[in-house]
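Before any comments, here is the structure.
When a residue number appears, it is its place in the shown sequence, counting from 1.
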Amino acid sequence: IMVECKNFDGQLRPTLDREVKLLDTPSASMLLRTAQAVSRPVALIVDGYNECNQVARLILTRALRAASARYGAAIIVSSSIPLERADLLNLRSVEVSEPSTTLKSSIARVDPAAESSISSLLDVVATGFEADLVGQVGRELPADSSRFAILDFFVRRKLAEQASDGIQIFCAVAERLMDRVAFSLSVREFDRLLAERTLLRTNFNEQLRHGVITVKGERVSFGHEIFLNAFASEALVRKARGDVSQLQSFLVSARHAGLRVLLLGAIDDESIVLELLRASTDSELLESCVRGECGAFARQAMNAELDAILTQLEKEATQLKFNVTADGGWNVEIDETSLREWSEHEKAVLSVLASEMSQGRRAQPYLELLALLDKTLEGEFRRLRPAAIDRKVGIRSGLFGITYVIGNRDLGVVYPLVRLHNGDFLFRTRDTAISVDCLLELWRVAASLGQIYFVLALSRRAWDFRGQFLPYVLPL
């Protein structure tokens with residue numbers, strides 16, 4: 001028996017009754033008693049626990065515990081958040097990762113080699129549901145469409161000439177649900193909402209058959225959470241009316257954290273997108289832009305920023321200066337006057353650079369940049385050696401250690417390397433891992449200590465084929 005959590009109103013029995021009545025059964029209790037009498041197993045499939053009203057989550061957990069004890073029912077829960085009082089159910093936990101490129105291609109029923117434009121769209125989407133939509137409408141969309149554009153086009157094609165009226169209704173419902181932090185409305189609340197917005201119920205009745213919004217019992221909800229997020233994003237864009245400061249407040253709001261990618265992708269004004277990107281300190285959002293999830297312009301803008309920041313890193317690497325201290329573990333310190341001050345936005349871009357390199361992109365230019373940094377360290381060693389001899393201290397290891405090892409986050413040139421050595425990208429999906437061919441090429445050309453330290457960091461994700469790197473590592 002399916003339990004849709006978005007329709008759970010605090011009582012399990014009415015929720016089960018609504019479901020079993022679809023089977024021409026008077027009540028859930030009768031069905032469960034009959035199943036017990038004939039020794040047939042019962043399973044309660046609890047779909048979307050995260051969509052349950054926050055106040056009702058603990059009530060739902062306790063109700064499932066009682067149903068399991070009374071009827072011997074198996075419990076299967078899908079959720080993107082931990083269960084409240086999960087100890088009451090003692091369920092086995094199975095984590096499902098994002099679908100791989102191969103799986104998304106299978107869901108979309110396309111051959112990536114034969115249809116490269118659809119393959120590009122599949123790289124953008126993050127869920128199996130979206131992959132299915134790409135399979136249906138991908139051939140009619142530009143290859144660089146955003147995630148929002150894919151969803152918007154799918155709905156508009158379904159609604160045809162009623163698209164404008166339908167999207168008005170969807171935006172109104174999504175906005176109300178986001179305000180309530182809920183996933184469904186009662187039919188009475190829905191009627192009142194239509195009256196408030198002077199929207200026609202007849203239009204809605206026609207749109208029900210497309211499945212974007214569904215009515216079950218007396219609850220109105222979106223057919224899938226991704227539709228709720230898409231139209232909530234559209235509602236926010238319409239509410240802002242081009243006000244950049246308001247859009248920026250939406251993007252940084254914890255309340256709208258799940259909408260950021262779709263929200264940015266829903267904005268058509270490129271000047272606004274550029275302004276929002278330049279003010280963003282959210283590295284995950286900026287990564288999504290690089291992947292193309294927010295559209296072609298956002299991707300181009302972020303790639304341009306990555307190119308520009310590599311130039312800034314090169315400048316810092318060649319101008320770095322040190323002083324002999326002889327009063328610490330490293331015996332040297334970085335001259336603060338030679339450091340460049342990096343803004344929080346620039347640090348977010350540097351985090352994106354680290355993510356890109358963990359997947360094999362832009363690793364070669366960064367390797368060349370580290371060669372310049374190591375050349376600077378060698379020059380500083382020669383310059384400071386007389387002072388170090390006078391103080392009877394060694395500084396060669398100190399220069400390397402204070403630059404690379406202690407994770408100096410004020411030093412932009414090694415900021416991405418710190419992220420890599422911290423293991424921040426170790427648990428990404430296999431599809432995004434750096435290829436063995438790319439790593440082998442980096443090992444062949446890595447010569448200086450900083451370069452080797454960098455390639456070692458990248459190789460942490462290459463555990464499955466570590467044997468191929470032994471000829472390069474063992475001589476060290």
Could you tell me whether the side chains of Glu333 and Thr325 share a donor-acceptor contact shorter than 3.5 Å?
no
Applied to residues 240-254, the salt bridge (Lys or Arg N to Asp or Glu O under 4.0 Å) test, sequence neighbours excluded, yields none
Any side-chain to backbone donor/acceptor pair from Ser253 onto Ser249? Under 3.5 Å, distance only.
no
Distance-only, no hydrogens or angles: does the Ser355 side chain make a donor-acceptor pair with backbone N or O of Ser351 under 3.5 Å?
no
Heavy-atom check, side chain of Phe231 versus side chain of Ile213, under 4.5 Å
no
For the student: nearest non-hydrogen atoms of Pro365 and Leu310, plus distance:
CB-CD1, 4.2 Å
From CG (Leu411) to CG (Leu417), nearest 0.5 Å
10.0 Å
Can you pull out every ring-ring contact (aromatic ring centres under 6.0 Å, His included) where at least one residue sits in residues 235-283? Sequence neighbours excluded, please.
Phe250-His256
Which residue pairs pass the side chain to side chain donor-acceptor pair (under 3.5 Å) test when at least one of the two sits in residues 272-281, sequence neighbours left out?
none
Does Glu51 have any salt bridge (charged side-chain N to carboxylate O under 4.0 Å, His left out) partners at least two apart in sequence or in another chain, and if so, which?
none
Partners meeting ring-ring contact (aromatic ring centres under 6.0 Å, His included) with His421 (sequence neighbours left out):
Tyr453
Check Arg260 with Glu293, please: is the shortest side-chain N to carboxylate O separation under 4.0 Å?
no
Looking at Arg109 and Asp132, is any side-chain nitrogen of the basic one under 4.0 Å from a carboxylate oxygen of the acidic one?
yes
Got a list of side-chain donor-acceptor pairs under 3.5 Å for residues 232-239, not counting sequence neighbours?
{"unit_1": "Ser233", "atom_1": "OG", "unit_2": "Asn229", "atom_2": "O", "d": "2.8"}
{"unit_1": "Glu234", "atom_1": "OE2", "unit_2": "Arg238", "atom_2": "NE", "d": "2.7"}
{"unit_1": "Glu234", "atom_1": "OE2", "unit_2": "Arg238", "atom_2": "NH2", "d": "3.4"}

With sequence neighbours left out, which residue pairs that include part of residues 310-324 fulfil the salt bridge (Lys or Arg N to Asp or Glu O under 4.0 Å) condition?
Lys321-Glu380
Could you state the interatomic distance from CZ (Phe400) to CG (Leu373), rounded to the nearest 0.5 Å?
9.5 Å
Are Phe227 and Phe129 close enough that their ring centers fall under 6.0 Å?
yes
Please list all pairs passing the ring-ring contact (aromatic ring centres under 6.0 Å, His included) test where one or both residues lie in residues 344-373, with sequence neighbours left out.
Tyr366-Phe454
If we only count heavy atoms from C-beta on, is the Asn53 to Phe8 side-chain gap below 4.5 Å?
no
Are Asn323 and Ile334 close enough, and set up right, to give a side-chain contact (heavy atoms from CB on, under 4.5 Å), and what steps lead you there?
CA-CA 6 Å; Asn323 298 315; Ile334 298 176; over 6 Å; no
Nearest 0.5 angstrom please: Ile309 CD1 to Met302 CE, how far?
8.5 Å
Any donor and acceptor pair, going by atom type alone, linking the side chain of Ser78 with main-chain N or O of Gly48 inside 3.5 Å?
yes
Verify the neighbour count for atom CD of Glu341: are there more than 12 heavy atoms of other residues, nucleotides or ligands below 6.0 Å?
no
Pairwise side-chain contact, Glu196 with Arg176, heavy-atom cut-off 4.5 Å (strictly under)
yes
Dump the intermediate steps for side-chain contact (heavy atoms from CB on, under 4.5 Å) on Leu276 and Val244, then the final yes or no.
CA-CA 7 Å; Leu276 292 172; Val244 177; 4.0 Å; yes
Can you find a pair of side-chain heavy atoms, one from Ile452 and one from Val455, that are under 4.5 Å apart?
no
Measuring from atom SG of Cys294 to atom CD1 of Ile267, what distance do you get when rounded to the nearest 0.5 angstrom?
9.0 Å
I'd like to know if the side chain of Gln300 reaches the main chain of Phe297, judged simply by a donor and an acceptor atom lying under 3.5 Å from each other, with no hydrogens or angles considered.
no
Is it true that a side-chain atom of Tyr49 and a backbone atom of Glu84 form a donor plus acceptor pair closer than 3.5 Å?
yes
May I ask you to say whether Arg157 pairs ionically with Asp152, meaning some side-chain N is under 4.0 Å from a carboxylate O?
no
Check step by step if side-chain contact (heavy atoms from CB on, under 4.5 Å) holds for Leu177 and Phe183.
CA-CA 6 Å; Leu177 289 174; Phe183 285 84; 5.7 Å; no
Glu441/Arg444 ion pair, N-O < 4.0 Å:
yes
Just by distance, no angles: are the side chains of Ser459 and Trp443 close enough, under 3.5 Å, to form a donor-acceptor pair?
yes
Atom CD of Glu284 with >12 non-hydrogen neighbours under 6.0 angstrom
no
Quick one: are Leu353 and Leu313 in side-chain contact, heavy atoms under 4.5 Å?
yes
For Leu274 versus Ala301, what's the shortest heavy-atom pair and its separation?
CD1-CB, 4.0 Å
Rounded to the nearest 0.5 Å, what's the gap from CG on Leu151 to OG on Ser145? Could you check?
11.0 Å
Mind listing the closest non-hydrogen atom pair of Val352 and Ser283 along with its distance?
CG2-O, 3.6 Å
Mind checking what makes salt bridge (charged side-chain N to carboxylate O under 4.0 Å, His left out) contact with Arg299, not counting sequence neighbours?
none
With sequence neighbours excluded, residues passing salt bridge (charged side-chain N to carboxylate O under 4.0 Å, His left out) with Glu225:
none
Thr127 and Glu130: side-chain donor and acceptor closer than 3.5 Å?
yes
Within the distance-only criterion (no hydrogens, no angle test), does the side chain of Arg57 pair as donor or acceptor with the backbone N or O of Cys52 below 3.5 angstrom?
yes
Would you say Arg362 and Leu306 make side-chain contact, with heavy atoms under 4.5 Å?
yes
If the threshold is 4.0 Å, N to carboxylate O, is there a salt bridge linking Glu161 and Arg156?
no
Measure the shortest side-chain to side-chain distance between Val134 and Val124 over non-hydrogen atoms and say whether it is less than 4.5 angstrom.
no
Heavy-atom side-chain proximity of Asp282 to Leu286 below 4.5 angstrom
no
Test side-chain contact (heavy atoms from CB on, under 4.5 Å) applied to Ser120 and Asp144, step by step:
CA-CA 7 Å; Ser120 299; Asp144 54 6; over 6 Å; no
Pairing residues for Arg180 by the salt bridge (charged side-chain N to carboxylate O under 4.0 Å, His left out) criterion, not counting sequence neighbours:
Glu189
When you measure from the side chain of Thr376 to the backbone N and O of Leu320, does any donor-acceptor pair fall under 3.5 Å?
no
Arg396 and Glu378 ion-paired at < 4.0 Å:
yes
Taking only residues two or more places apart in sequence, or in another chain, which ones meet Phe322 in a ring-ring contact (aromatic ring centres under 6.0 Å, His included)?
none
Tell me the closest heavy-atom pair linking Ala131 and Lys104, and the distance in Å.
CB-O, 3.8 Å
Can you tell me how far apart CZ (Phe381) and CG (Asp374) are? Round to the nearest 0.5 Å.
14.0 Å
